Amino acid sequence: MVETQERGEGLKVEGWLRFITLFELVFPTILLILGIYNGLLQVLYRAGIIKSMSFLGISYYQGLTLHGVINAIVFTTFFIVAFSNLVMYYYTRIQLSKGLTYIAFALMVVGTLLAAIPMLIGKANVLYTFYPPLKAHPMFYIGAALLVVGTWVAFLSYILVYLKWKKENPQKGVPLGVIGVMSTFIIWFVATVPLAYAVLFMLIPWSLGIVKEINIMVERTLFWFFGHPLVYFWLLPSYIMLYVVLPKIAGGKLFSEKFARLVFMLFIIFSIPVGVHHQYSDPSIGTSMKFLHGVLTFAVAIPSFLTAFNVAASLEYAGRKNGGNGIFGWWKKLPYTDPKKYLFAYMFAGLVLFLFGGITGIVNASYNLNSVVHNTAWVPGHFHTTVGGLVFLSFLGMSLYLVQKLLGKEVKFQRLNVLVPYMWLIGVILMSTGMSIPGIEGMPRRTNIGLTYLNPESEFFRPGWVFWSYLSVIGGTIMFISMFSYFVIFFSTLFSKKTSEADLYIPTAQSLDDAGTSFSSFKPWIAILIVLILVAYIPTFYDLSKATFGGAPPYSPELPVPMR
Amino acid sequence: MENEKIIQQQEKKALFISILLMAVFISMIVYGIKGVGVDLPTCISNVQPYETGKVVQVSDKEYEIYYVARMWFFDPQNVEIPVGSKVRIYLTSLDVTHGLHIWGTNVNLMAIPNAVNYYEVKFNKEGEYIVSCHEYCGIAHQNMIGKIIVKSSIENLGQNINNIQTAAQVGGEKTW
Ligand code: HEM
Ligand SMILES: [Cu+2]
Ligand SMILES: [Cu+2]
């Protein structure tokens, strides 16, 4: 590994980069307050406790749109760019281009604000998947497009740094953090090109009235080409932390750097040609393609299994080094509740949730089994343990840590802070159980069920679901309390007095093996990826060309007649 | 280095086990398709999108339901079928994207305008089956609920059924 990582001393971050990064961390955290508030409301609506179409001026589906967009798109994307800026700089010690970093930042902020306006005034109640022919205000699509283009500009700045580092260090293996960031953005870029096509050439002209109709199945397929890799865009930064940061904080080393690199390469090839697994229930796509995408989905589970093994082995090594013996003794020697090592608590609680997420994810991926759970409450039950679990917790922990380091501050309410992730863990397990079980019986997702299935006055009332939806309310409330505590800690820390030098230090584990220069080139993997995409998508689009019979004009969510 | 070797071996073992596990899962899916007979909706290209829903009795215990999903109801809304019937379900949408999930069955479909979805199901138990829209389709999405009532015998079916023998060809044509 690179020597600089070993010295462990801080790195001075220039004023401009510090400003941008802090902005990219604090801005989405402020928005997150609104996202989390709507999460709490959703469990209340869905239990029939709030039995109405809207509450305090925000309707159910408007709130759900804000919840999905802010939590899963805005917060994650901003964090990932901020984190990647620092990781690239920290491990290469090469300055990011100031111009590109500023442009990326400006595009992302302007895009988010543009999309936020129609959402807040109820002109974009289309949920975060914005499936046509429901139509949002054009500003919503334009904002989303700017946000994505901003991330491309950030990626360009990483590419320049990467190439420069390669040139200066021809004999060295690429630092793991850099491999992680580059893989994340390679996947993201390939995935967002078709999305950008759908938004720029289909949705925006259609929403402006320039184009009358668009083919809905084609748009859906382009959307899901992006939609699955999106989850790896979220997950890979967490994996970087698991490989690089976690073993160090646990007091040990990374078990195998070589296999960690392999994992990132496997994600590059397998995380994209699987999008049709979100379209198992769609018409116009043949079962052969659905099955192929299903099999490839199982392939993309393999690097996650390898990660689980590698991380567990690293933790075992740390536990033993800390004095643990026997088969299970090492478990007791990890810093679960050490306030100074709160990053461990955030990641560990996330890992426990991810165990559930992995298992339920396999169920979703399982082709015919998916018919039982598709679009039921099982699905949000699943992904609050993945994106709402490991991804969210590791981002929260790292976000607090980076703010603390970049400003030279001491975390406030340290004892409470180390409990936040465990509260979240308990809350998510209760809420997800309360959604997953009735989900198997058919409870739909994305539905204000408090008005029908959970309404004693409705002919469709399901008494058997009352218990489960109240369990979700309890879980959701615990999640809300956990996040309330986090916001208090985050903003008190942000506004507290400076206590030490403001410099960046990313805890970085050494590895037990010597990875040398293995898996240090992306080229062969990108080539395989392209082949797999062609194999997985040409027949899919051929099916669509045979079995779709026209397009659709736009509709407002309020009226059952076309807008034009 | 000795250490290096052990790490390599263990990681390779982990890789092997995970590949094996995935192979087992995939075999179970294949068994589900071939052995149990549960498959996904496929691509049919010979049924044109239609505008009105209908129930067609093809033979004694064989029905076709042509569902149209609309903001915010299904057409037909309620359907009665004798127990033991095999039912071919066709589904399209006249406006936005909807879902159609018949609780307690494997029928879980998306309704897309200008595309026709298809699935086959057999109702072996009497009772009321909820047909629920499970894709957000606008402000009254939560009210979009239909029923299939499976009755003991055909005499007490309270509806008109078109008895058309030239119903669409079973299953449609597969493109891939
Ligand atoms: C207090 C915390 C939270 C609560 C109580 C909560 C609750 C819920 C509930 C009940 C739903 C289902 C609504 C429906 O399908 O009708 C939902 C959907 C969702 N949640 Fe959360 N959630 C919370 C935090 C989060 C976080 C932190 C994330 C992501 C990082 C997240 C991401 C999502 C997404 C992407 C959806 C799907 C939206 C859609 O279907 O359009 N949630 N949430
Ligand atoms: Cu997916
Ligand atoms: Cu609906």
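Please read these numbers as outputs of a predicted model, since none were measured by experiment. By convention in this document, chain letters (A, B, ...) are assigned in the order of the sequence lines, proteins followed by strands, and residues within each chain are numbered from 1.
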Check whether A:Tyr131 gets within reach of chain B through its side chain, its backbone, both or neither, counting any heavy atom under 4.5 Å. side chain
A:Phe255 portion near chain B, given a 4.5 angstrom heavy-atom threshold: both
Who wins among A:Ile449, A:Asn310, A:Leu369 for the most heavy-atom pairs under 4.5 Å with chain B? A:Asn310
Identify whether the distance between the nearest side-chain nitrogen and carboxylate oxygen of B:Lys147 and A:Glu459 falls below 4.0 Å. yes
Best-contacting candidate, B:Gly32, B:Ser93, B:Pro49, against chain A by heavy atom pairs under 4.5 angstrom: B:Pro49
Is A:Glu558 close to chain B through its backbone or its side chain, or both, or neither, when contacts mean heavy atoms under 4.5 Å? both
Honestly, the part of A:Pro132 sitting under 4.5 Å from a heavy atom of chain B is backbone
Which pair of non-hydrogen atoms, one from A:Pro553 and one from A:Pro133, has the smallest distance, and what is that distance? O-CB, 3.3 Å
Does this structure show an ion pair linking B:Glu135 with A:Arg446, if we count only N-O contacts that are shorter than 4.0 Å? yes
Point-to-point distance, once rounded to the nearest 0.5 Å, from CG of A:Leu64 to OH of A:Tyr45: 10.5 Å
Got a salt bridge between B:Glu62 and B:Arg88, using NZ or NE/NH1/NH2 to carboxylate O under 4.0 Å? yes
Kindly give the heavy-atom pair with the smallest separation between A:Phe461 and A:Asn455, and that separation in Å. CB-O, 3.3 Å
Check each atom of A:Thr376 against the heavy atoms of chain B and say whether the ones under 4.5 Å are side chain, backbone, both or neither. side chain
Pick one of side chain, backbone, both or neither for B:Gln10, based on which atoms fall under 4.5 Å of a heavy atom in chain A. both
Just say parallel, tilted or perpendicular for the rings of B:Tyr136 and B:His141, cut-offs at 30° and 60°. perpendicular
Bottom line for B:Ile17: the part with an atom under 4.5 Å from chain A's heavy atoms is neither
Most heavy-atom pairs under 4.5 Å with chain A, out of B:Ser18, B:Ala23, B:Pro41, belong to B:Pro41
Top contributor to chain A contacts, counting heavy-atom pairs under 4.5 Å, from B:Val116, B:Leu91, B:Ile33, B:Asn106: B:Ile33
Looking only at B:Ile139, B:Leu40, B:Val96, the option with the highest number of non-hydrogen pairs under 4.5 Å against chain A is B:Leu40
Rounded distance (nearest 0.5 Å) linking atom CZ of A:Phe291 with atom CG of A:Asn368: 9.0 Å
Quick check on A:Ser366 against chain B: is it the side chain, the backbone, both or neither that has a heavy atom closer than 4.5 Å? both
Select one option (side chain, backbone, both, neither) describing which atoms of A:Leu559 are under 4.5 Å from chain B's heavy atoms. backbone
I'd like to know which of B:Ile145, B:Asp39, B:Leu109, B:Leu15 tops the heavy-atom pair count under 4.5 Å against chain A. B:Ile145
Check the orientation of A:His374 and B:His134. Use parallel for under 30°, tilted for 30 to 60°, and perpendicular for over 60°. perpendicular
Given a strict heavy-atom distance threshold of 4.5 Å, which part of A:Asn215 is in contact with chain B: side chain, backbone, both, or neither? neither
What residue, out of A:Ser556, A:Gly442, A:Pro554, has the most heavy-atom pairs lying under 4.5 Å from chain B? A:Gly442
Side chains of B:Met144 and B:Arg70, heavy atoms from C-beta outward: is any pair under 4.5 Å? no
Just wondering, more than 12 heavy atoms not from B:Gln48 lying within 6.0 Å of its CD? yes
Measuring heavy-atom distances to chain B, does A:Leu134 have an atom under 4.5 Å in its side chain, in its backbone, in both, or in neither? both
Below 30° counts as parallel, above 60° as perpendicular, anything between as tilted: where do the rings of A:Tyr537 and A:Phe541 land? tilted
Is A:Phe460 close to chain B through its backbone or its side chain, or both, or neither, when contacts mean heavy atoms under 4.5 Å? side chain
Find the distance between CD (B:Glu4) and CG (A:Asp514) and round it off to the nearest 0.5 Å. 6.0 Å
Using non-hydrogen atoms and a 4.5 Å limit, figure out which bit of A:Tyr280 sits close to chain B: side chain, backbone, both or neither. both
Using a cut-off of under 4.5 Å on heavy-atom pairs, state which of A:Ala299, A:Pro444, A:Ser284, A:Ala313 scores highest against chain B. A:Ser284
What part of A:Tyr60 gets closer than 4.5 Å to chain B, counting heavy atoms only: side chain, backbone, both or neither? neither
Take a 6.0 Å sphere around NZ of B:Lys61 and say whether it holds more than 12 heavy atoms from other residues, nucleotides or ligands. yes
Can you tell which part of B:Val107 gets under 4.5 Å to a heavy atom of chain A, answering side chain, backbone, both or neither? neither
Please classify the contact between B:Leu21 and chain A as side chain, backbone, both or neither, with a heavy-atom cut-off of under 4.5 Å. side chain
